[in-house]
Amino acid sequence: MLTINQIQVNKEDLLRKLQIKNFKKIELVEEILTLDKQRREIQQKTDQLQSEMNLLSKEIGSLFQSGKKEEANLAKEKTANLKEEVKKWGSVHSEIEEKLTTLLVQIPNLPHKSVPAGHSAEDNEITETVSELPELSETSVPHWDLGKKYDIIDFELGTKITGAGFPVYKGKGAKLQRALINFFLDENEKAGYKEILPPLLVNEDSGFGTGQLPDKEGQMYHVQIDNLYLIPTAEVPVTNIYRDVLLSEDDFPIKNTAYTPCFRREAGSYGKDVRGLNRVHQFDKVEIVQIQNPSTSYQALEEMVAHVKSIIEKLELPFRILKLCGGDLSFTSALTYDFEVFAAAQKRWLEVSSVSNFESYQAVRLKLRYKDKASGKNQYAHTLNGSSLALPRIVAALLENNQTEEGIKIPEVLWPYTGFKVIN
RNA sequence: GGAGAGGUGGGAGAGUGGCUUAAUCCACCAGUUUGCUAAACUGACGUACUCGUUUAGGGUACCGGGGGUUCGAAUCCCCCCCUCUCCGCCA
């Protein structure tokens, strides 16, 4: 979330940026500022009342100790009224603070100055794309047919065991998953990321820290009996490693990578867009997460983009990179690059990675700070993350684009991981 | 799941109702000494909010979390969470 200070410091600029983000409830800004003013006034009052109370208590204490019981009891009577006041204003104060937080978490992150205006995916800026799209022969089929043909992905079986959107990978299909995961992790490690194997269930605090809660509650699977959530992405547990942490400037940069299954309810989505592996409830993903000094976070973002690009290139997949417009940017992100690969049989672009700088938006929720050497003050760190990569759509594109009469050709870079060069 | 013990500042650890504005030690930081390092000595050393034009300096809260008793709570009471030990169950 934003800090009060970020909201106060330049209201015009704030409103302009919120507009780029297509944020409608701008009246919240005024509410927050008014409420904050009240909070301060009331805090002054409660602080003063408590100060008086403390002084009185001290006096009573020393009166008792010097044996002046009469006077002490007299002084006690004076405290009743004050005590009442302290209690009353104290509860008003905490009510206001609570209200303030519920309003603050409704304000999205502010977009970076380079974010293009726009309302939907149509308005995203293509920063890089292939010169020509691959064309397949007329006999080519989409990946769900290929999955069936070679008996490597079984959607019906998943439906039987669990429900729609839980594919079962079999044989070379399963092994391809394992190969991709290891390949991605190795690439990330080479780029300086430390491998983490985190829990797949997280508590409420963690969900709040990275911004999934309270708003996107319906997107996560909730284990009610223990009040835990299945992670929608490794971003949640890996970033929450740094919740309530005070870093030293020397700790930067922090670069972690993690493979996890991801669970998403994807409530409300249906249709041919979600067919096959295009959108599923459980999928595998390797994530990269960075905790950065604010002064270098955008440089880090560019590095992450270059890194993800290099991996896709090694897989020899046609891709494009989009800089998301204000309207398509997620609630918590300041700047996001999406990677899409072209699935040639479906003739569709599929999103396989989303690389974002959240600036201090998550850090404020996480209470993730570092001690700034120059000023000696504690500052909020910047958090970034990206997929490198999400498996299902990569698999979809690999299967579709590489299909031949002899079978599906595996990119050379994966051979050491798969142990086979073709699926037939 | 059952029984017991415990949770105090970056770490160790004292503190069972008011000289606690949390002792002491270690670590970190600055300085003195030193040919350099080490050692020794001296000093500073938490977080958040708030008042103050910036500063200087005040105030309030914080001893796992939440509530309560009391003029006053790290300390007493209740609920919850977590850790450790033993038992049970278990890959």
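Naming convention: chains lettered A, B, ... in sequence-line order (proteins, then strands); numbering from 1 in each chain.
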Less than 4.0 angstrom from a charged side-chain N to a carboxylate O is my criterion; do [X] and [Y] meet it?
| X | Y | result |
| --- | --- | --- |
| A:Asp13 | A:Lys17 | yes |
| A:Lys314 | A:Glu187 | yes |
| A:Glu84 | A:Lys87 | no |
| A:Glu235 | A:Lys285 | no |

In this structure, how many angstroms lie between the [atom2] atom of [N] and the [atom1] atom of [X], rounded?
| X | N | atom1 | atom2 | value |
| --- | --- | --- | --- | --- |
| A:Asp36 | B:A48 | CG | P | 17 Å |
| A:Gln50 | B:A73 | CD | C1' | 14 Å |
| A:Glu59 | B:C19 | CD | P | 15 Å |
| A:Gln379 | B:U47 | CD | P | 12 Å |
| A:Lys58 | B:G17 | NZ | P | 19 Å |
| A:Arg40 | B:G52 | CZ | C1' | 13 Å |
| A:Asp244 | B:C62 | CG | C1' | 14 Å |
| A:Glu52 | B:G72 | CD | P | 15 Å |

Item checked: Proximity of A:Tyr259 and A:Phe184 rings by center, below 6.0 Å -> no
Checklist line | Short side-chain N/O contact to B:U47 OP1/OP2 from A:Arg369, under 4.0 Å | finding: no
Check: Does A:Arg265 reach the main-chain N or O of A:Gly218 with its side chain, forming a donor-acceptor pair under 3.5 Å?
Finding: yes
Item checked: Nearest-0.5 Å distance that lies between atom CG in A:Asn227 and atom CD1 in A:Ile225 -> 11.5 Å
Is there any protein nitrogen or oxygen under 3.5 Å from a nitrogen or oxygen in nucleotides 78-84 of chain B, and what are the pairs?
none

Notebook entry, point to check: Does a donor on one side chain and an acceptor on the other come within less than 3.5 Å for A:Tyr229 and A:Glu217?
Noted result: yes
Note to self: We want to know whether A:Gln346 and A:Asn278 form a side-chain donor-acceptor pair, criterion being a heavy-atom distance below 3.5 angstrom.
What the structure shows: yes
Next item on the list: Please work out which residues in residues 197-206 of chain A have a non-hydrogen atom less than 4.0 Å from an atom of RNA chain B and list them by number.
Entry: none
Table of protein N/O atoms under 3.5 Å from nucleotides 54-59 of chain B N/O atoms:
{"residue": "B:G59", "atom": "O3'", "partner": "A:Ser51", "partner atom": "OG", "Å": "3.4"}
{"residue": "B:G59", "atom": "N2", "partner": "A:Asp47", "partner atom": "OD2", "Å": "2.9"}

Notebook entry, point to check: For A:Ser57, which contact category applies under a 4.0 Å heavy-atom criterion: base, sugar-phosphate, or nothing?
Noted result: base
Note to self: Within the 4.0 Å heavy-atom criterion, would you say A:Lys371 contacts the bases, only the backbone, or no part of the nucleic acid?
What the structure shows: sugar-phosphate
Item checked: The single option from A:Val238, A:Val289, A:Val236, A:Thr210 passing side chain to side chain contact (heavy atoms under 4.5 Å, CB included) against A:Asn385 -> A:Val289
Margin query: Taking pairing as Watson-Crick or G-U wobble with both contacts under 3.5 Å, can you name the mate of B:U32, or confirm there isn't one?
Written below: B:A40
Item checked: Earlier contact from the 5' end, RNA chain B, for A:Lys83 and A:Gln44 -> A:Gln44
Margin query: Of the options B:U60, B:U47, B:C71, whose atoms approach the side-chain atoms of A:Met53 most closely?
Written below: B:C71
Margin query: Check whether A:Phe420 forms a cation-pi arrangement with A:Lys175 (NZ or CZ under 6.0 Å from the six-membered ring centre, at most 45° off the ring normal).
Written below: no
